[in-house]
Amino acid sequence: MNLGTASASSGVFQSGSAVYYGGRAARGTIMTAAHRSLPFGTWVRVTHSGTGRSVDVMVNDRGPFGNSRRIIDLSRSAAASLGMLGQGVAPVTLRILSRP
């Protein structure tokens with residue numbers, strides 16, 4: 001599959017790599033993420049392609065920058081839920097759950 005936007009029929013919005021960072025505080029959740037273009041307040045289901053584990057996160061920041069294969073920065077809590085803290089970078093797919 002091509003990195004970037006995926007087919008709408010599969011329900012996958014984007015596929016690529018996730019990284020994690022400290023995250024940015026948000027009201028009501030610690031499961032947050034940074035994305036380059038999705039509107040703030042968008043909820044996304046991030047699925048680790050290697051393990052099948054998923055986590056729902058709210059976009060409240062911009063990034064990642066500098067590497068086009070990295071499509072989302074996850075808060076530490078979200079990365080821990082996916083089991084990717086030891087990896088640092090993990091292959092993922094994104095599905096949009098809701099937009100603001």
Side-chain angles (χ1 to χ4, degrees):
M1 177 184 285
N2 183 4
L3 294 177
T5 304
S7 78
S9 63
S10 70
V12 174
F13 168 71
Q14 205 171 27
S15 61
S17 297
V19 295
Y20 74 92
Y21 72 123
R24 186 176 213 188
R27 293 174 76 186
T29 185
I30 58 172
M31 299 298 189
T32 61
H35 191 273
R36 283 191 283 276
S37 61
L38 287 173
F40 290 168
T42 300
W43 282 90
V44 179
R45 178 159 296 145
V46 181
T47 303
H48 190 303
S49 301
T51 65
R53 292 170 77 174
S54 295
V55 65
D56 296 346
V57 297
M58 183 183 70
V59 175
N60 73 338
D61 203 356
R62 290 288 171 235
F65 299 106
N67 184 332
S68 64
R69 292 185 178 160
R70 294 182 179 175
I71 59 171
I72 196 163
D73 277 340
L74 300 172
S75 65
R76 182 172 174 76
S77 298
S81 292
L82 284 181
M84 62 172 275
L85 290 180
Q87 293 173 280
V89 178
V92 297
T93 58
L94 307 182
R95 286 181 174 75
I96 295 174
L97 301 176
S98 68
R99 292 182 187 249

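No hydrogens, no waters, no symmetry mates; every other heavy atom, side chains included, goes into these values.
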Novice: Would you indicate whether the side-chain heavy atoms of Leu74 and Tyr21 approach each other to under 4.5 Å?
Specialist: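 Side chain of Tyr21 against side chain of Leu74, heavy atoms only: no contact under 4.5 Å found.
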
Novice: Linking Ile, Leu, Val, Met, Phe, Trp and Tyr by side-chain heavy atoms under 4.5 Å, what else ends up with Met58?
Specialist: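 Same cluster as Met58: Trp43, Leu97.
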
Novice: Is the shortest side-chain heavy-atom distance between Val19 and Ile72 below 4.5 Å?
Specialist: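 They are not in side-chain contact.
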
Novice: Is the closest side-chain heavy-atom distance between Arg95 and Val46 below 4.5 Å?
Specialist: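 No, every pair of side-chain atoms sits at 4.5 Å or beyond.
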
Novice: Give a yes or no answer on whether the side chain of Asn60 reaches the backbone of Arg24 with a donor-acceptor pair at less than 3.5 Å.
Specialist: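 The answer is yes, because a donor-acceptor pair under 3.5 Å joins these two groups.
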
Novice: Is there side-chain contact between His35 and Val44, with at least one heavy-atom pair below 4.5 Å?
Specialist: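 No, every pair of side-chain atoms sits at 4.5 Å or beyond.
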
Novice: Are the side chains of Val12 and Leu94 in touch, meaning some heavy atoms are under 4.5 Å apart?
Specialist: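 They are not in side-chain contact.
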
Novice: Got a sec, which pairs hit side chain to side chain donor-acceptor pair (under 3.5 Å) with one end in residues 45-54, sequence neighbours left out?
Specialist: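 Sorted pair list: Arg45-Asp56, Thr47-Ser54, His48-Gln87.
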
Novice: For the backbone of Pro64 and the side chain of Arg36, can you confirm whether one donor and one acceptor N or O come within less than 3.5 Å of each other?
Specialist: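 Answer holds: yes.
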
Novice: Keeping Thr42 on the side-chain end and Arg99 on the backbone end, is there a donor-acceptor pair under 3.5 Å?
Specialist: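 No; judged by distance alone, with no hydrogens or angles, the pair does not exist.
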
Novice: With sequence neighbours excluded, what pairs up with Arg62 under the salt bridge (Lys or Arg N to Asp or Glu O under 4.0 Å) test?
Specialist: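 Scan of Arg62 (salt bridge (Lys or Arg N to Asp or Glu O under 4.0 Å), adjacent residues dropped) gives none.
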
Novice: Below 4.5 Å, heavy atoms only, C-beta onward: do Pro100 and Pro39 meet side chain to side chain?
Specialist: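 Side chain of Pro100 against side chain of Pro39, heavy atoms only: contact under 4.5 Å found.
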
Novice: Within the 4.5 Å heavy-atom criterion, are Tyr20 and Leu85 side-chain neighbours or not?
Specialist: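 Contact flag for Tyr20/Leu85 side chains = yes.
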
